[in-house]
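Below is one structure, written out as structure tokens; comments come after it.
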Amino acid sequence: MKHKDGKPGPQGTRVFPMTILFVVLCGFSFYLGGIFCSEKNRIEPSDVKDVTKAIQSSKESLVAPLQMKTVSFAECSSDYQDYTPCTDPRRWRKYGVHRLTFMERHCPPVFERKECLVPPPDGYKLPIRWPNSRDECWYRNVPYDWINKQKSNQNWLRKEGEKFLFPGGGTMFPRGVSAYVDLMQDLIPEMKDGTVRTAIDTGCGVASWGGDLLDRGILTVSLAPRDNHEAQVQFALERGIPAILGIISTQRLPFPSNSFDMAHCSRCLIPWTEFGGIYLLEIHRILRPGGFWVLSGPPVNYENRWRGWNTTIEEQKSDYDKLQELLTSLCFKLYNKKDDIAVWKKLSDDSCYNKLNEPDFYPPKCDDSLEPDSGWYTPLRSCVVVPDPKLKKSALKSIPRWPERLHVAPDRISNVHGGSASAFKHDDSKWRVRLKYYKKLLPAIGTDKIRNVMDMNTVYGGFAAGTIDYPLWVMNVVSSYAANTLPVVYDRGLIGTYHDWCEAFSTYPRTYDLLHLDGLFTAESHRCEMKYVLLEMDRILRPNGYAIVRESSYFVDAVATIAKGMRWGCRKEDTEYGIGKEKVLICQKKLWYSSNRTSR
């Protein structure tokens with residue numbers, strides 16, 4: 001050190017203060033470490049996401065908000081009005097036909113991604129509002145006559161003037177779905193008392209079964225593959241009924257194990273006993289212990305139906321016997337049967353599953369290397385996922401009935417890193433406050449303007465729980481790269497799916513009225529390019545639909561810039577607590593028609 005006159009200063013004046021400063025800093029660091037160690041177990045695990053945001057915000061306080069140049073996107077040609085990037089029929093020929101693998105998810109490489117806005121069909125109208133939409137939709141919104149022509153005798157739907165009408169028929173219930181479900185409830189009394197809350201319908205048709213169950217307090221995921229003609233999932237979502245594109249082929253379905261209370265197949269044409277019963281093994285995986293599998297159609301009631309199935313009674317009896325033998329080996333027990341409906345129950349006791357350990361028993365028990373909940377591009381395996389004996393309270397007979405289960409911390413929350421009953425309670429109360437504030441920012445919430453909703457990166461399903469009394473349903477999406485909280489969502493009596501937002505979602509264009517995200521770009525921007533995520537949001541959002549984007553101030557202006565280029569109108573708002581490092585964008589997608597039409 002030197003004096004200002006240039007002479008060297010005494011070294012002793014520097015050493016002593018520096019020594020004291022070093023000792024003080026070490027002591028203070030030790031003190032803070034002691035506080036952290038003693039308090040770490042008292043941190044609310046549900047705040048992990050909030051803590052992460054706080055850390056991110058502290059970093060961002062040193063960095064200027066992300067700036068984005070003004071951008072605009074061209075219109076896709078009208079050939080892409082029903083574009084589903086990861087299940088695109090244009091690309092089917094690239095994949096094999098064995099077990100219909102070409103119908104599974106096959107996303108285009110980055111260099112083939114579309115950077116354009118998917119147009120609505122010619123003559124598109126704003127969808128009919130719920131509950132009227134369950135019974136009718138505009139023909140021009142889903143302009144496909146194939147089902148109307150091929151299934152006219154089964155009353156799936158019929159065209160009258162500018163509309164499709166849905167009489168509630170189906171292959172196994174041409175006289176109406178309500179009478180069909182009434183019989184099912186007689187066979188399964190648990191459908192009446194809140195025991196059965198979540199269901200999956202494989203090969204859903206136009207989702208009339210799931211639509212009828214909504215009035216009975218049962219929330220159904222209707223599942224069907226993308227096809228060129230039937231557009232089953234598109235019809236379902238246009239009607240306001242939960243549905244997702246998917247097929248049981250070579251990959252697991254994007255759901256956790258032991259989640260659905262009931263699974264249903266009404267002549268869904270899935271070859272249950274082929275390929276070593278691998279499709280039924282997947283149903284067993286996703287079905288909750290004590291849950292029900294319902295089958296109507298071949299080979300059930302073969303004694304009276306075989307003549308109409310272009311087969312012989314001997315062949316149908318053989319098929320039924322094979323099915324029963326397979327179900328027994330999978331620890332299913334015939335629960336009830338009448339007319340065209342047969343019901344099996346997945347056993348929850350250990351005595352049956354212990355048999356799987358016997359040598360040469362088929363199918364064998366899955367080994368510990370196969371994660372039961374892994375449901376994102378996970379190959380099917382010819383083995384039984386045995387319910388975890390530590391989670392007895394997740395069995396159907398043990399879980400609280402609906403609606404009590406919505407606000408009870410599930411047993412499986414203990415499997416989530418940092419999860420606990422107090423974390424769950426905190427998250428539940430947090431979302432009640434947020435939804436009250438969201439309602440002020442967007443009064444359309446809770447009205448018939450919003451029916452199909454997606455929470456794009458949920459944790460415990462708090463957004464869905466907070467809107468449970470509104471006339472809407474929520475698809476809860478858990479990132480395949482995030483903590484596995486989807487089992488908790490299902491244990492609450494809600495529905496959802498795994499997904500990676502670096503890829504397109506398994507749905508048709510124009511299928512959701514409201515998209516909500518909470519820090520998605522903060523969490524995923526290092527992997528997923530913001531532009532493509534927002535273009536995917538535009539694809540699946542209906543014209544005049546809304547988006548609530550809750551993000552750090554670092555990203556929010558860039559999101560608004562890209563949204564403007566997609567013809568959205570957005571306004572920036574404070575959060576409910578007025579925290580400066582986090583903002584809320586309320587956006588609305590405009591209705592526009594293609595000016596770039598091509599012949600078809």
Side-chain angles (χ1 to χ4, degrees), residues 84 86-87 105 127 130 133-134 197-202 204 207 210-211 213-214 218-224 226 232-246 253-256 259-261 286 375-376 406 431 435 438 445 449-468 470-480 482 484-501 503-518 520 533 536-542 545-550 589:
T84 55
C86 296
T87 51
R105 285 179 60 88
W130 183 266
S133 62
R134 178 163 43 189
R197 165 61 181 173
T198 59
I200 184 169
D201 188 11
T202 53
C204 64
L213 288 178
L214 287 170
I218 298 175
L219 193 57
T220 304
V221 175
S222 296
L223 180 80
R226 169 68 200 254
Q232 300 171 69
V233 166
Q234 194 172 16
F235 274 118
L237 290 163
E238 187 70 19
R239 299 175 69 186
I241 300 171
I244 192 170
L245 287 168
L253 295 175
F255 312 115
S259 294
F260 291 98
D261 305 331
I286 64 175
W376 189 247
L406 181 64
W431 279 104
L435 263 301
Y438 285 173
I445 296 175
K449 292 181 179 179
I450 295 177
R451 172 61 186 170
N452 302 350
V453 179
M454 181 186 293
D455 192 2
M456 295 175 62
N457 61 326
T458 192
V459 179
Y460 296 136
F463 183 97
T467 58
I468 201 67
Y470 295 152
L472 56 82
W473 61 271
V474 179
M475 180 63 73
N476 293 280
V477 180
V478 171
S479 171
S480 58
N484 179 29
T485 59
L486 196 54
V488 175
V489 171
Y490 273 94
D491 287 352
R492 300 186 72 174
L494 305 170
I495 58 173
T497 181
Y498 295 118
H499 184 63
D500 177 4
W501 282 112
E503 300 180 0
F505 193 77
S506 296
T507 192
Y508 284 86
R510 304 172 302 279
T511 45
Y512 284 86
D513 300 299
L514 172 63
L515 303 177
H516 170 263
L517 63 86
D518 178 14
L520 176 64
V533 177
E536 175 62 5
M537 291 171 64
D538 180 79
R539 184 184 72 88
I540 66 181
L541 192 62
R542 286 173 167 173
Y546 302 94
I548 300 176
V549 180
R550 189 185 187 101
K589 176 181 175 178

- Task: For A199, check side-chain contact (heavy atoms from CB on, under 4.5 Å) against everything at least two apart and list the hits.
- Result: W209, I218, T220, M262

- Query: Which residues satisfy the side-chain contact (heavy atoms from CB on, under 4.5 Å) test with L541, sequence neighbours excluded?
  - Reply: L515, W568, K589

- Note on the structure: The residue among V459, T485, D455 that forms side-chain contact (heavy atoms from CB on, under 4.5 Å) with V478 is T485

- Item | T87: partners by side-chain hydrogen bond (donor to acceptor under 3.5 Å, both in side chains), with sequence neighbours left out | T84

- Indicate yes or no for a side-chain donor-acceptor contact from S506 to the backbone of G246 under 3.5 Å, with no hydrogens or angles considered. no

- Query: When rounded to the nearest 0.5 angstrom, what is the spacing between CD1 in I445 and CG in L514?
  - Reply: 6.0 Å

- Query: About how many Å separate CD1 of I495 and OG of S222, when rounded to the nearest 0.5 Å?
  - Reply: 8.5 Å

- Partners of T202 by side-chain hydrogen bond (donor to acceptor under 3.5 Å, both in side chains), sequence neighbours excluded? none

- What residues, two or more places apart in sequence or in another chain, satisfy ring pair (Phe, Tyr, Trp, His ring centres under 6.0 Å) together with Y490? F260

- Message: Pair R451, D513 - check salt bridge (Lys or Arg N to Asp or Glu O under 4.0 Å), show working.
- Response: CA-CA 6 Å; R451 172 61 186 170; D513 300 299; over 6 Å; no

- Query: Is the backbone of H516 close enough, under 3.5 Å, to the side chain of R550 for a donor and an acceptor to pair up by distance?
  - Reply: no

- Message: With a 3.5 Å distance limit and no angle check, can you tell me whether W473 reaches the backbone of L214 through a side-chain donor-acceptor pair?
- Response: no

- Query: Just how far is it from atom CG of L406 to atom CZ of R197, taken to the nearest 0.5 Å?
  - Reply: 8.0 Å

- Message: R510: which residues meet the salt bridge (Lys or Arg N to Asp or Glu O under 4.0 Å) condition with it, sequence neighbours left out?
- Response: D82

- Any side-chain heavy atom of T467 within less than 4.5 Å of one from L435? yes

- Query: Among all residues two or more places apart in sequence or in another chain, which pass the side-chain hydrogen bond (donor to acceptor under 3.5 Å, both in side chains) test with T198?
  - Reply: D261

- Kindly write out the residues that satisfy salt bridge (Lys or Arg N to Asp or Glu O under 4.0 Å) with R492, not counting sequence neighbours, or none if the list is empty. D428

- Message: Does any part of the side chain of F463, heavy atoms only, come nearer than 4.5 Å to the side chain of D518, both counted from C-beta?
- Response: no

- Any side-chain heavy atom of N457 within less than 4.5 Å of one from S479? no

- Among all residues two or more places apart in sequence or in another chain, which pass the side-chain hydrogen bond (donor to acceptor under 3.5 Å, both in side chains) test with N484? D373, Y498

- Side chain proximity check, L253 to I200, heavy atoms < 4.5 angstrom: yes

- Item | Counterpart residues, side-chain contact (heavy atoms from CB on, under 4.5 Å), relative to T507 (two or more places apart) | L237, F505, T511, Y512, R539, I540

